[in-house]
Amino acid sequence: MSLVVMKFGGSSVADADRIKNVANRVMARRHRGDKVVVVVSAPGDMTDDLIELAKGVTSDPDAREMDMLLATGEQVSIALLSMAIKNRGMDAVSLTGPQAGIYADWTHTKARITKIRPVAVQRELKKGRIVIVAGFQGLNPGRDIATLGRGGSDLTAVALAAALKADVCEIFTDVKGIYTADPRIVPEARKVDRISYDAMLELAGAGAQVMQARSIEVGKKYEVPIHVRSSFTDENGTMIMREDSSTMRSTKGKKMNDSIRNGGTEEAVVSGVALDRNQAKVTLADVPDRPGVAAEVFGALADGAINVDMIIQSAPREGVNDISFTVSRDDLKKALAILERVRAHLKARSVTSDSAVAKVSIVGVGMRSHPGVAASLFKSLASAGINIDMISTSEIKVACVVKENNAEKAMRIAHKTFTLEKK
Ligand code: ASP
Ligand code: MG
């Protein structure tokens with residue numbers, strides 16, 4: 001008998017039929033004798049609709065009341081799912097985040113989970129019930145309800161799985177797993193059987209939108225095996241797990257030998273290609289070349305809570321140089337306002353921006369031990385006549401900013417260069 005946390009996103013509980021489908025899946029699992037905890041998101045687009053409602057009342061909603069409002073969406077789902085299960089003859093109980101013992105910090109609408117005391121969850125499991133927990137919410141130190149940031153139900157599920165020492169956290173979604181690239185852009189993209197936490201984190205940061213990035217961090221920290229799979233089929237999806245777990249965890253000799261023969265893990269040099277269109281490039285031209293300038297520019301942006309991604313500083317000429325960097329498009333307006341002040345203060349020549357750019361990234365833990373990956377990528381992009389605007393790398397990622405109208409082509413080229421279509 002194992003303990004499983006099953007998480008269903010908004011599209012899986014969007015209407016009565018889908019809720020009944022989820023009820024059937026959950027009950028089948030319980031029927032096998034497993035202990036089952038379910039985490040659900042708000043139905044369909046309800047969270048977006050609630051945000052719109054708030055905007056209709058005020059342009060600057062109070063954060064505490066916003067959380068009071070947003071948390072209702074998940075409560076709709078837990079109650080309906082619990083009813084559906086009970087009506088089909090199994091015992092279930094719904095719990096809000098606070099009832100489930102999920103504690104959060106003071107940051108309304110983007111709260112972090114501080115601890116989990118799943119006493120009620122354990123008590124209900126002992127009674128043989130299916131326990132249904134509202135995702136995306138917890139109790140803050142002021143005993144108010146707090147929400148965990150968009151996509152926060154993933155975080156609830158993974159953190160709860162860690163606290164309960166569950167055997168697996170299953171994330172049910174409308175795709176079949178993690179793909180080597182978005183199949184809508186790269187038709188040859190392939191579902192991967194497993195991927196490491198690190199590669200998945202980089203992919204999420206590079207624009208892949210399957211799971212909330214913070215939930216993967218928590219999964220990594222507590223080594224929760226995460227299975228991303230389809231809500232509509234029984235097929236296996238993708239396991240997110242430790243890099244070496246396929247060799248470390250197999251105790252049966254044969255399995256271990258097989259896995260060594262196959263290279264230990266499936267993770268080849270590159271495991272995926274991601275696209276992030278939410279990028280804008282900003283250039284500050286002719287800034288004086290002296291100590292403290294970069295600190296002033298990026299300090300001002302940081303004070304404005306603007307995240308900067310890539311930074312390039314040109315070689316100095318006659319005492320000045322150019323600084324270019326990227327920010328998310330949503331932040332561009334705010335960034336330009338801040339930079340205009342900085343420009344005047346530094347007596348730099350101009351601030352210009354370009355939002356018709358996108359970031360294409362390749363990610364893979366195998367890059368650590370394979371030199372030349374970046375060079376192969378640049379070479380293929382060059383042969384296709386695609387100009388690279390900016391480059392950044394990490395140990396397991398190479399990211400290029402290109403013109404937005406070249407981005408999809410660049411993805412297909414990268415996918416092909418590293419033969420990601422083949423197993
Ligand atoms: N309902 C929340 C949102 O839409 C949380 C979630 O879906 O995970 O962001
Ligand atoms: Mg949602």
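Note that ligands are numbered from 1 as they come in the structure, with each ligand's atoms numbered from 1 the same way. A quick note: this is a predicted structure, and the numbers were derived from the prediction, not measured.
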### Task
Among T109, D48, T47, find the one that has a side-chain hydrogen bond (donor to acceptor under 3.5 Å, both in side chains) with R150.
D48
#### Entry: ligand 1-proximal atoms of Q212, by part, heavy-atom distance under 4.0 Å
neither
### Task
Scan side-chain atoms only and decide if T147 and H108 contain a donor-acceptor pair under the 3.5 Å cut-off.
no
### Task
Pick one of side chain, backbone, both or neither for how S153 approaches ligand 1, counting any non-hydrogen atom pair under 4.0 Å.
both
### Query
If you measure every N/O of K7 against every N/O of ligand 1, is any gap under 3.5 Å?
no
### Query
Mind checking whether E74 has a heavy atom under 4.0 Å from ligand 1?
yes
### Task
Measure the CH2-CZ distance between W106 and R64 for me, rounded to the nearest 0.5 Å.
10.0 Å
### Query
If you measure from each heavy atom of G73 to ligand 1, is any distance below 4.0 Å?
no
### Task
Check for a donor-acceptor pair, side chain of R229 on one end and backbone N or O of D234 on the other, with a separation under 3.5 Å.
yes
### Query
Sub-3.5 Å donor-acceptor pair from the side chain of Q279 to the main-chain atoms of K359, do we have one?
no
### Query
Is the closest side-chain donor-acceptor distance between D330 and N278 under 3.5 Å?
yes
### Query
Looking only at N/O atoms, are R150 and ligand 1 under 3.5 Å apart anywhere?
yes
### Query
N/O of G151 under 3.5 Å from N/O of ligand 1, yes or no?
yes
